[in-house]
Amino acid sequence: MQKKEYIEKMTNLILTRLRFHAPIIFDGEVDYPLLEVIGVDAALPIFKFDKPLTPLMADCFLAAQKQFDFNLITTKMPLCSKRKLASLKHFTFIKEEELGPSLIETLNKLNINYKSNFTLSKEVEKDFIRFDGAMIEPETRDFYLYKKLASSGIIYEMREFLLNGRNYIVSFTNPSSEKKRASFEINIVLPRGYYAFQRERNAIQIQSLTSQNAAYFNYHFPSADFRFSLIDGLISSTHACINMRLDFIMQPKSQRRLYFNYGENKYCLTNPRDQESFFNLSQQKMFDMFNIKVVSRDKAFEENFNRSLPRNIWLNWLNFSQNEESENSYLKLKNSIALKTEKGWVINEENKALKQVCFFENSGYRRVFIVPSEQRYLFAGKTKYFNFTTITNDIFKKNNEIYLSFGS
């Protein structure tokens with residue numbers, strides 16, 4: 001093989017590892033200060049090369065570094081000149097006998113140069129939940145996702161909602177008089193990058209090696225199996241995910257309920273009452289944000305404002321993203337319906353299509369009916385206020401139904 005061809009093929013192998021492989025860290029901690037002491041940048045991939053570095057291999061690594069920034073660490077005496085070594089970026093040579101157990105453990109945890117299956121085919125590309133091996137399509141309800149189905153004698157039910165990250169409540173019911181096997185799998189795709197995954201009690205810590213930001217997948221069942229790569233043949237990869245699988249036996253006439261969370265904080269709710277309170281709090285906060293609904297003669301406007309825009313905005317939040325266009329459209333439409341002032345609510349009388357405006361407050365709706373009349377008035381309780389259309393704070397708090405006419 002010609003030198004040029006060898007360098008090209010070997011460089012591609014190095015680049016393949018850099019593009020697809022990520023560190024394997026499943027438990028314990030990483031001694032980042034120790035890496036800093038020896039001059040290794042933990043924010044960059046660590047490529048540990050356990051062979052003597054020849055001039056030819058140095059040329060291969062040089063070619064790879066023109067496309068990728070990474071640490072190169074060798075533990076065998078290099079066979080090339082100091083000048084050649086100086087041309088390599090982020091290069092560290094440490095004699096194997098001088099590494100020490102702590103440094104060896106740290107480097108091995110972060111090393112992306114590990115044996116793997118080289119087919120490197122992507123298995124999945126999206127978030128999903130499977131019940132009994134079958135992928136489900138949750139229904140989008142008001143600010144949560146929901147699914148209930150029966151399979152192989154087990155009744156599965158799940159809710160996904162947003163509060164301090166993404167939350168899941170999943171229940172399994174065996175109504176029969178026989179033992180049944182339940183199977184559950186969830187897959188959460190992470191943004192492309194280098195991550196360190198560390199198992200902690202009731203949590204998987206997900207640390208981005210480039211930004212040093214951490215997230216957590218919180219759970220409370222020790223029998224769960226985890227996988228962190230979307231690539232078949234790689235234990236951990238830059239195409240990263242949190243994939244959790246559960247298989248367990250359900251006793252006759254029994255029910256089991258699980259809660260887990262993916263977000264920035266480490267915590268877990270094990271009490272069903274706490275889980276329901278958390279779900280209700282999530283609902284309360286969402287309805288407080290999207291606190292106006294309308295009944296309109298313009299049904300397209302009604303559908304867009306009441307359902308389409310809030311759903312689109314919330315689904316983006318659920319995926320830790322934003323749709324500024326939808327958010328701006330929603331605020332513009334909301335302001336065209338009603339404005340909150342110091343005195344109270346003022347409904348826009350120029351919006352001729354409005355028939356009813358519902359304001360969410362304290363876990364319920366207060367309804368304002370727009371009625372046709374030649375007179376201009378506001379009617380609440382048993383009192384009629386002529387030539388007065390501002391719904392004052394006092395009127396608003398004391399009445400669930402208000403009638404408003406802007407006159408002819």
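Counting from 1, the numbers follow the sequence of the chain as shown. Everything numeric here is computed off the predicted structure, so don't read it as measured data.
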Any donor-acceptor N or O pair under 3.5 Å, side chains [X], [Y]:
X      : Y      : value
Thr75  : Asp50  : yes
Ser326 : Asn312 : yes
Arg376 : Asn387 : no
Glu160 : Tyr146 : no
Asn261 : Tyr267 : yes
Ser321 : Asn316 : yes
Asp288 : Gln284 : yes
Asn265 : Asn164 : no
Ser152 : Asp132 : yes
Tyr6   : Glu8   : no

Is it the case that the ring center of [Y] lies less than 6.0 angstrom away from the ring center of [X]?
X      : Y      : answer
Phe320 : Tyr262 : yes
Phe161 : Tyr168 : no
Phe290 : Trp317 : yes
Phe70  : His90  : no
Phe396 : Phe359 : yes

[X] to [Y] - nearest heavy-atom pair and separation:
X      : Y      : answer
Asn304 : Pro310 : O-CD, 3.9 Å
Asp69  : Leu44  : O-CD2, 3.9 Å
Leu269 : Gln275 : O-NE2, 3.0 Å
His220 : Asn202 : CA-OD1, 3.7 Å
Asn393 : Glu342 : ND2-O, 2.9 Å
Ala58  : Leu88  : O-CD2, 3.8 Å

Atom [atom1] of [X]: over 12 foreign heavy atoms under 6.0 Å:
X      : atom1 : value
Lys340 : NZ    : yes
Glu303 : CD    : yes
Lys384 : NZ    : yes
Lys299 : NZ    : yes
Glu264 : CD    : no

* Do Met289 and Phe360 pass the side chain to side chain contact (heavy atoms under 4.5 Å, CB included) test, and can you show the C-alpha distance, the side-chain angles, and the key distance before you say yes or no? -> CA-CA 9 Å; Met289 288 183 191; Phe360 185 84; over 6 Å; no

Report the distance from atom [atom1] of [X] to atom [atom2] of [Y], rounding to the nearest 0.5 Å.
X      : Y      : atom1 : atom2 : answer
Gln356 : Tyr365 : CD    : OH    : 11.0 Å
Asp127 : Ile186 : CG    : CD1   : 8.0 Å
Thr74  : Phe47  : OG1   : CZ    : 11.5 Å
Ser237 : Arg19  : OG    : CZ    : 14.5 Å
Ile370 : Lys352 : CD1   : NZ    : 11.0 Å
Leu331 : Leu333 : CG    : CG    : 9.0 Å

Are [X] and [Y] side-chain neighbours, meaning at least one heavy-atom pair lies under 4.5 Å?
X      : Y      : result
Phe228 : Ile24  : no
Gln283 : Phe279 : yes
Met244 : Asp225 : no
Lys334 : Asn291 : yes
Leu18  : Thr238 : no
Leu85  : Cys80  : yes
Pro252 : Lys179 : yes

* Any idea how Phe278 and Tyr259 line up, ring-wise: parallel (<30°), tilted (30 to 60°), or perpendicular (>60°)? ->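 Phe278 and Tyr259: perpendicular rings.
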
* Asked: Aromatic rings Phe305 and Phe301: how do their planes relate, parallel, tilted or perpendicular, breaks at 30° and 60°?
  ->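 Ring orientation, 0 to 90° scale: parallel.
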
Taking distance alone, no hydrogens or angles, what donor-acceptor pairs closer than 3.5 Å link side-chain atoms of residues 135-145 to residues at least two apart or in another chain?
{"from": "Glu139", "atom 1": "OE1", "to": "Arg141", "atom 2": "NH2", "distance (Å)": "3.3"}

Identify whether the distance between the nearest side-chain nitrogen and carboxylate oxygen of [X] and [Y] falls below 4.0 Å.
X      : Y      : result
Asp232 : Arg227 : no
Glu361 : Arg366 : yes
Arg257 : Glu276 : yes

* To do: Step by step, work out the side chain to side chain contact (heavy atoms under 4.5 Å, CB included) result for Leu378 and Thr389.
  => CA-CA 6 Å; Leu378 183 151; Thr389 56; 5.6 Å; no

[X] NZ/CZ over [Y] ring centroid, <6.0 Å and within 45° of normal:
X      : Y      : value
Arg245 : Phe226 : no
Arg130 : Phe128 : yes
Arg256 : Phe248 : yes

* To do: I would like to know whether Asn323 and Ile313 meet side chain to side chain contact (heavy atoms under 4.5 Å, CB included); could you show each step before the answer?
  => CA-CA 6 Å; Asn323 186 321; Ile313 292 167; 5.7 Å; no

* To do: Check the pair Tyr156, Ile154 against side chain to side chain contact (heavy atoms under 4.5 Å, CB included), reporting the backbone distance first and the verdict last.
  => CA-CA 6 Å; Tyr156 297 87; Ile154 298 292; 3.7 Å; yes

* Asked: Any donor-acceptor pair under 3.5 Å linking the side chain of Thr106 with the backbone of Leu103?
  ->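 No, because the side chain of Thr106 does not come within donor-acceptor range (under 3.5 Å) of the backbone of Leu103.
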
* Asked: Is the side chain of Asn174 donor-acceptor paired with the backbone N or O of Met250 at a distance under 3.5 Å, no angle test?
  ->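 Checked: pair present.
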
* Would you mind telling me which of Phe217, Tyr216, Tyr219 makes a ring pair (Phe, Tyr, Trp, His ring centres under 6.0 Å) with Phe260? =>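 Running ring pair (Phe, Tyr, Trp, His ring centres under 6.0 Å) over Phe217, Tyr216, Tyr219 with Phe260 returns exactly one hit, Phe217.
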
